[in-house]
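Since the structure comes first, as structure tokens, the remarks are kept for the end.
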Amino acid sequence: MGGVPELAEVEAYRRLAEEVVGRAVAEVVAPDGWYLKRGLTAPVVAAALAGRRVMAARRIGKLLLVETDGPVLGLRFGMSGRLLVDGRAAVDNLLYGPGRELEKWDRFALRFASPAGGDLRMRDPRRLGGVELDPPEARLGPDALVVTPAALARLLESGAPLKARLMDQSRLAGVGNLAADEVLWRAGLDPSRPARSLTAAERCRLHRHLRATMADLLARGGSHTGDLMPHRQPGGTCPKDGTPLVRRTVGGRTTWSCPHHQR
DNA sequence: ATTGTGGCCTGCCCGC
DNA sequence: TGCGGGCAGGCCACAA
């Protein structure tokens, strides 16, 4: 496991976080003020969570929600953030992360009271993730694992590139750059197609491949386990038909696709 | 309102 | 061997 923190990785983090359900917060460690978002400060988050008990661990897209009997703690992992519980990680290493482990990369932690003890830590070398209290969940679209055909059809009512639309977290939550390329490659759709140019049959095909791909990446253990991934590099060829892959920028992101079968 | 762009952040890799 | 530039991508502020 270990691509970038997309839906598959964050779901693994969520399962790990479930191990702290029932524990009470003894101490909040927030050494990096920059990591606290939306005006949150170390004293505020410490006061809000001290003594609170963890009730559940939920996930919407790439956002991990740690519910307490007080506020909800929202954790975002950027592209290099990982979760550690009692010193153990759900993900060994991330694709674009360092190969080392340094405690100086711990940006935020909850330490739990005895008898359970232990801690929950966010380790993020590049500091692109962040922590917030009571994150506005309504700003996220439906989770990509469970999105309905009707909801997908609605978010495709746009002239924006198909890929940009799939990656817009406010409309569909959980699809990152690697998963987007994999989904569109499997579905045989050109990432730069205007979203609303899809026919009904293509929308149906996209929906099927979207949910299946997200479930597949989750089962395989990460956003980097797609069939396209090993070929997503200079000189790479399409594993379906052998056509040289094309690299370009779509929706502001590096995009690899097959010019032959993705139409 | 919608869509596109740039910058944040840091570690790694390549070429000199 | 060291150094600098380019690159990776989730997310947000900002511009058009």
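Residue numbers start from 1 in every chain, and the chains themselves are labelled A, B, ... in the order their sequence lines are given, proteins ahead of strands.
The two residues A/M214 and A/G174 have their closest heavy-atom pair at CE-O, 3.7 Å.
At the heavy-atom level, A/G251 lies nowhere under 4.0 Å from the strands shown. Across all strands shown, A/G252 has no heavy atoms under 4.0 Å from either base or sugar-phosphate atoms. Among the heavy atoms of the strands, none lies under 4.0 Å from A/R196.
The phosphate of C/dA8 (OP1 or OP2) has a side-chain N or O of A/T254 nearer than 4.0 angstrom. At B/dT3, one or more side-chain N or O atoms of A/S158 fall inside 4.0 Å of OP1 or OP2 (strictly under the cut-off). At the phosphate of B/dG11, neither OP1 nor OP2 sits under 4.0 Å from any side-chain N or O atom of A/R127. Regarding contacts with the backbone of B/dG11, every side-chain N or O of A/R126 stays at 4.0 angstrom or more from both OP1 and OP2. Residue A/W105 places at least one side-chain N or O closer than 4.0 Å to OP1 or OP2 of B/dG11.
With B/dT3, C/dC7, B/dG11 as the choices, the nucleotide that has an atom nearest any side-chain atom of A/R165 turns out to be B/dT3. For A/P161, the listed nucleotide lying nearest its side chain is B/dG4; candidates were B/dG4, C/dC12, C/dG10. Checking C/dC11, B/dC8, B/dG11 against every side-chain atom of A/Q169, the shortest atom distance belongs to C/dC11. For A/M79, the listed nucleotide lying nearest its side chain is C/dA8; candidates were C/dA8, C/dC11, B/dT3.
In this structure, CG of A/N177 is placed 10 Å from C1' of C/dA8, rounded to the nearest angstrom. Counting to the nearest Å, the P atom of C/dA8 and the CE atom of A/M229 are 11 Å from each other. Taking atom CD of residue A/E132 and atom P of nucleotide C/dG10, one finds them 17 Å apart after rounding to whole Å. Between the CZ atom of A/R82 and the C1' atom of C/dG10 there is a distance of 17 Å, rounded to whole Å. For the pair A/L75 CG and C/dC11 C1', the interatomic distance rounds to 15 Å; values are reported in whole Å. A straight line from CZ of A/R139 to P of B/dA1 spans 13 Å, rounded to a whole angstrom. Remark: C1' of B/dG4 and CG of A/D168 are 12 Å apart, rounded to the nearest angstrom. For A/M167 and B/dT5, the CE to C1' distance is 14 Å, given to the nearest whole Å.
Ion pairing of A/E11 with A/R14 is present here, as a side-chain N (NZ or NE/NH1/NH2) and a carboxylate O approach within less than 4.0 Å. Salt bridge annotation for A/D227-A/R220: present, with a cationic side-chain nitrogen under 4.0 angstrom from a carboxylate oxygen.
Taking a 6.0 Å sphere around CZ of A/R111, one finds it holds 12 or fewer heavy atoms contributed by other residues, nucleotides or ligands.
Nearest-nucleotide assignment on DNA chain B puts the 5′-proximal partner with A/R171, out of A/R171 and A/R253.
The residue from A/R232, A/R186, A/R253 that alone fulfils the side chain to side chain donor-acceptor pair (under 3.5 Å) condition with A/D181 is A/R232.
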